[in-house]
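Reading through the structure tokens given below for one structure.
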Amino acid sequence: MLDPHRLRTDLEQVAKALSHRGFVLPVAVFSELEGRRKVLQTRTQELQQLRNSRSKAIGQAKASGQDVSALLAEVATMGDQLKQAETELEALQAELQGLLAGIPNIPADSVPVGKGEEDNVELRRWGSLPTFAFEPRDHVALGDGNGLLDFEVASKISGARFSVMKGELARLHRALIQFMLDLHGREHGYTEVYVPYLVNSDSLRGTGQLPKFEAELFALRDTGQGAPYYLIPTAEVPVTNLLRDVIVEAEALPLKFVAHTPCFRSEAGSYGKDTRGMIRQHQFEKVELVQIVRPEQSYQVLEQLTADAETVLQRLELPYRVLSLCTGDIGFSAAKTYDLEVWLPGQQKYREISSCSNFEDFQARRMLARWRSPGGKPELVHTLNGSGLAVGRTLVAVMENYQDDGGRIAVPEVLQPYMAGCRVIGGR
RNA sequence: GGAGAGGUGGCUGAGCGGCCGAAAGCGGCGGUCUUGAAAACCGUUGAAGGGCGACCUUCCGGGGGUUCGAAUCCCUCCCUCUCCGCCA
């Protein structure tokens with residue numbers, strides 16, 4: 001959520017900044033609502049003040065034994081007036097809140113201006129692309145038919161966009177998770193957390209998935225009482241919400257968390273996209289990095305967090321590149337985002353494997369996550385997160401980059417300790 | 001699932017329908033004292049919103065109701081704890 005005060009005082013500038021990401025701020029609607037809000041709020045508060053002072057007078061008169069019938073008569077019609085004003089104000093504020101909740105974050109100044117994917121700026125590349133003396137297979141060809149990957153049985157059990165991994169491949173997948181958790185936990189100083197995979201709507205509002213992106217979520221059938229649960233689309237939701245409605249002491253910052261969770265996405269609107277293989281699934285594993293920091297440090301931390309994610313690819317010796325997403329391509333809540341894209345020989349393309357973002361105070365304002373600043377006053381923290389990494393896609397990258405002409409897959413050196421020394425899997 | 005107890009400020013914990021944004025203690029901050037620190041003593045200390053401002057409004061788990069007036073009474077939901085049952 002943007003700062004409502006800024007929206008009131010600097011509407012044109014905000015609208016301009018948002019136009020860079022292709023968002024049209026309904027300026028006229030907003031200022032009209034805001035104008036009415038101001039009048040109505042003032043009036044409501046005046047009525048409340050009057051009621052409070054009259055009620056107090058009645059109390060005092062009663063206490064001193066005076067007759068209060070005159071005072072009561074005076075106040076008789078006030079209740080309805082006040083109730084009406086309060087109801088109107090509430091409706092108006094709900095409308096404003098709804099509008100506000102649908103406004104995306106303002107891109108940082110350093111974000112390249114552009115319309116979409118094609119305008120993202122490549123910052124650097126790491127590693128050299130593997131060369132093969134044969135036509136490299138994609139991960140489906142490498143895993144299907146030899147018992148490692150089974151999409152048919154997955155679709156029988158569940159449907160499209162699910163997969164079943166077996167044997168050494170399932171183990172390699174698990175090894176990746178352990179490796180990533182250990183790297184970030186032991187070497188990068190993140191605290192490992194285990195969190196719920198089902199969350200309430202407040203949590204999703206806090207990180208910005210609701211109200212705008214409900215269609216991308218899986219909701220559990222309402223059990224009849226209370227609000228429904230949602231399956232998390234990313235660990236970012238439960239982990240960042242650890243700080244919801246919390247004021248942390250300055251010394252406690254930065255808070256660094258790493259969590260491994262499954263992620264569930266409906267992938268609405270991506271029909272026909274990446275239908276082959278396990279690139280785009282309804283269920284996948286991810287190791288997520290989350291940091292809660294002082295505002296003045298967040299951009300420095302974004303670089304560090306991105307570097308932490310890059311380390312995973314470097315240790316796995318997977319070639320990748322880093323993009324700075326342009327204003328037209330960054331996510332709803334983000335002020336700035338770096339994407340890591342790994343090289344997939346089977347597609348002869350770089351594909352997204354991590355997304356590292358600084359949300360500044362956008363999420364913090366929604367969830368009221370604050371820290372006690374040196375002045376003693378609570379201030380909003382800045383929140384960041386990044387995949388470190390998407391496990392399913394990392395597995396795909398390992399399979400495709402480490403294949404040999406027999407369709408076997410070499411186990412990256414750093415994973416071998418997690419595989420009981422196993423050095424090669426698969427083949428037929 | 002059954003029975004009971006409870007949710008109040010950073011924490012613990014009081015709170016006859018009006019003098020309660022809320023006692024007291026702890027913690028925090030400032031000061032006195034001290035070479036310095038501790039102790040002691042004095043003062044101060046919740047959050048959100050509106051207004052240039054004096055100031056005003058809202059908030060005692062969430063929502064609804066009764067009342068001129070609700071932390072306090074009623075309804076409802078959620079959560080926590082204890083016991084029993086069941087269960088990985």
Side-chain angles (χ1 to χ4, degrees), chain A residues 1-11 30-31 33-101 194 196-206 210 220 222-230 238 241-253 255 292 361 364-381:
Chain A
M1 197 168 85
L2 297 180
D3 182 1
H5 190 254
R6 179 165 176 199
L7 227 42
R8 277 194 287 269
T9 54
D10 201 17
L11 189 58
F30 184 81
S31 41
L33 283 174
E34 190 39 44
R36 274 165 54 202
R37 189 227 96 226
K38 198 164 175 174
V39 173
L40 195 52
Q41 181 163 348
T42 307
R43 179 176 146 69
T44 306
Q45 292 190 353
E46 276 168 6
L47 285 168
Q48 284 171 332
Q49 190 183 350
L50 186 64
R51 176 205 57 197
N52 290 346
S53 62
R54 292 295 81 188
S55 294
K56 195 167 272 189
I58 292 170
Q60 283 164 353
K62 263 194 172 168
S64 59
Q66 296 168 30
D67 177 33
V68 294
S69 55
L71 280 168
L72 282 176
E74 190 182 332
V75 129
T77 58
M78 222 188 63
D80 290 344
Q81 268 184 63
L82 178 58
K83 189 153 286 182
Q84 197 195 334
E86 279 175 341
T87 308
E88 268 179 57
L89 180 62
E90 208 173 301
L92 191 54
Q93 277 178 331
E95 201 175 337
L96 268 165
Q97 197 58 37
L99 191 62
L100 215 51
Y194 171 85
Y197 304 155
L198 302 182
V199 295
N200 58 35
S201 59
D202 283 342
S203 293
L204 288 156
R205 246 186 298 281
L210 287 180
L220 270 65
D222 192 340
T223 47
Q225 52 194 9
Y229 285 126
Y230 293 86
N241 273 278
L242 289 171
L243 272 294
R244 174 147 55 91
D245 294 319
V246 168
I247 303 175
V248 289
E249 294 305 322
E251 311 81 71
L253 299 178
L255 290 167
I292 314 294
D361 62 13
R365 183 171 293 107
R366 287 175 162 241
M367 68 175 89
L368 224 62
R370 293 168 295 172
W371 67 298
R372 195 152 312 266
S373 70
K377 283 285 142 198
E379 282 178 19
L380 297 171
V381 296

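Bear in mind that the values here come from a model prediction, so they are computed numbers and not experimental data. We name chains A, B, ... by the order of the sequence lines, and we start the count at 1 in each one.
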Might you list the N or O atoms of the protein lying below 3.5 Å from N or O atoms in nucleotides 9-13 of chain B, with each pair's distance?
none

Legend entry - Partner residues of A:Ala61 under the side chain to side chain contact (heavy atoms under 4.5 Å, CB included) criterion, sequence neighbours left out: A:Gln66, A:Val68, A:Leu71
Legend entry - Distance in Å, A:Leu92 CG paired with A:Thr87 OG1, rounded so as to fall on 0.5 Å steps: 12.5 Å
Legend entry - Residues A:Arg205, A:Asp202: salt bridge by 4.0 Å N-O rule: yes
Inset, instruction - Go through the structure and list residues passing side chain to side chain contact (heavy atoms under 4.5 Å, CB included) with A:Gln84, not counting sequence neighbours. - result: A:Glu88
Inset, instruction - Verify, without hydrogens or angle tests, whether A:Arg366 (side chain) and A:Leu204 (backbone) share a donor-acceptor contact under 3.5 angstrom. - result: no
Inset, instruction - Between B:rC87 and B:rC79, how far apart are the P atoms? Round to whole Å, please. - result: 23 Å
Inset, instruction - Under a 3.5 Å limit for both distances, which nucleotide forms a Watson-Crick or G-U wobble pair with B:rG36, could you say? - result: none
Inset, instruction - Taking the side chain as every heavy atom from C-beta outward, state whether A:Thr42 and A:Glu46 have any pair of such atoms under 4.5 Å apart. - result: yes
Legend entry - A:Arg54: partners by salt bridge (Lys or Arg N to Asp or Glu O under 4.0 Å), with sequence neighbours left out: A:Glu74
Legend entry - Pairwise P distance for B:rG28 and B:rA37, with rounding to whole Å: 15 Å
Inset, instruction - Determine the interatomic distance between C1' on B:rU66 and the same-named atom on B:rC81; round to the nearest Å. - result: 31 Å
Inset, instruction - Find the distance A:Leu89:CG to B:rU57:C1' and express it as a whole number of Å. - result: 10 Å
Inset, instruction - Using whole Å, report how far NE2 of A:His5 lies from C1' of B:rC52. - result: 11 Å
Inset, instruction - Please measure how far the P atom in B:rC73 lies from the corresponding atom in B:rC60, and state the result in whole Å. - result: 14 Å
Inset, instruction - State which residues pass side chain to side chain contact (heavy atoms under 4.5 Å, CB included) with A:Gln41; sequence neighbours excluded, sorted by chain then number. - result: A:Arg37, A:Gln45, A:Leu89, A:Gln93
Legend entry - Phosphate-side-chain proximity, A:Arg370 and B:rA48, N/O vs OP1/OP2 below 4.0 Å: yes
Legend entry - Distance-only donor-acceptor check, side chains A:Asn200 and A:Ser203, under 3.5 Å: yes
Legend entry - Identity of whatever pairs with B:rG27 - Watson-Crick or G-U, under 3.5 angstrom: B:rU45
Inset, instruction - Check whether any side-chain heavy atom of A:Leu7 sits under 4.5 Å from a side-chain heavy atom of A:Leu100, and report yes or no. - result: yes
Inset, instruction - Could you check whether A:Pro378 gets within reach of a base, just the sugar-phosphate, or nothing at all, counting any heavy atom under 4.0 Å? - result: sugar-phosphate
Inset, instruction - Determine the Euclidean distance between corresponding C1' atoms of B:rC16 and B:rG7; express it in Å to zero decimal places. - result: 22 Å
Inset, instruction - Determine the interatomic distance between P on B:rC77 and the same-named atom on B:rC86; round to the nearest Å. - result: 27 Å
Legend entry - Interatomic distance at C1', B:rG17 relative to B:rG4, whole Å: 28 Å
Legend entry - Rounded distance in Å between the C1' positions of B:rA70 and B:rC19: 16 Å
Legend entry - Residue closer to the 5' end of RNA chain B, A:Gln60 versus A:Thr42 (nearest nucleotide): A:Gln60
Inset, instruction - Report, as a single string ordered 5' to 3', how protein heavy atoms within less than 4.0 Å touch nucleotides 59-73 of chain B: B base, S sugar-phosphate only, - not at all. - result: ---------BS----
Inset, instruction - Give A:Arg365 one of three labels, base, sugar-phosphate or nothing, depending on what nucleic acid heavy atoms sit under 4.0 Å from its own. - result: nothing
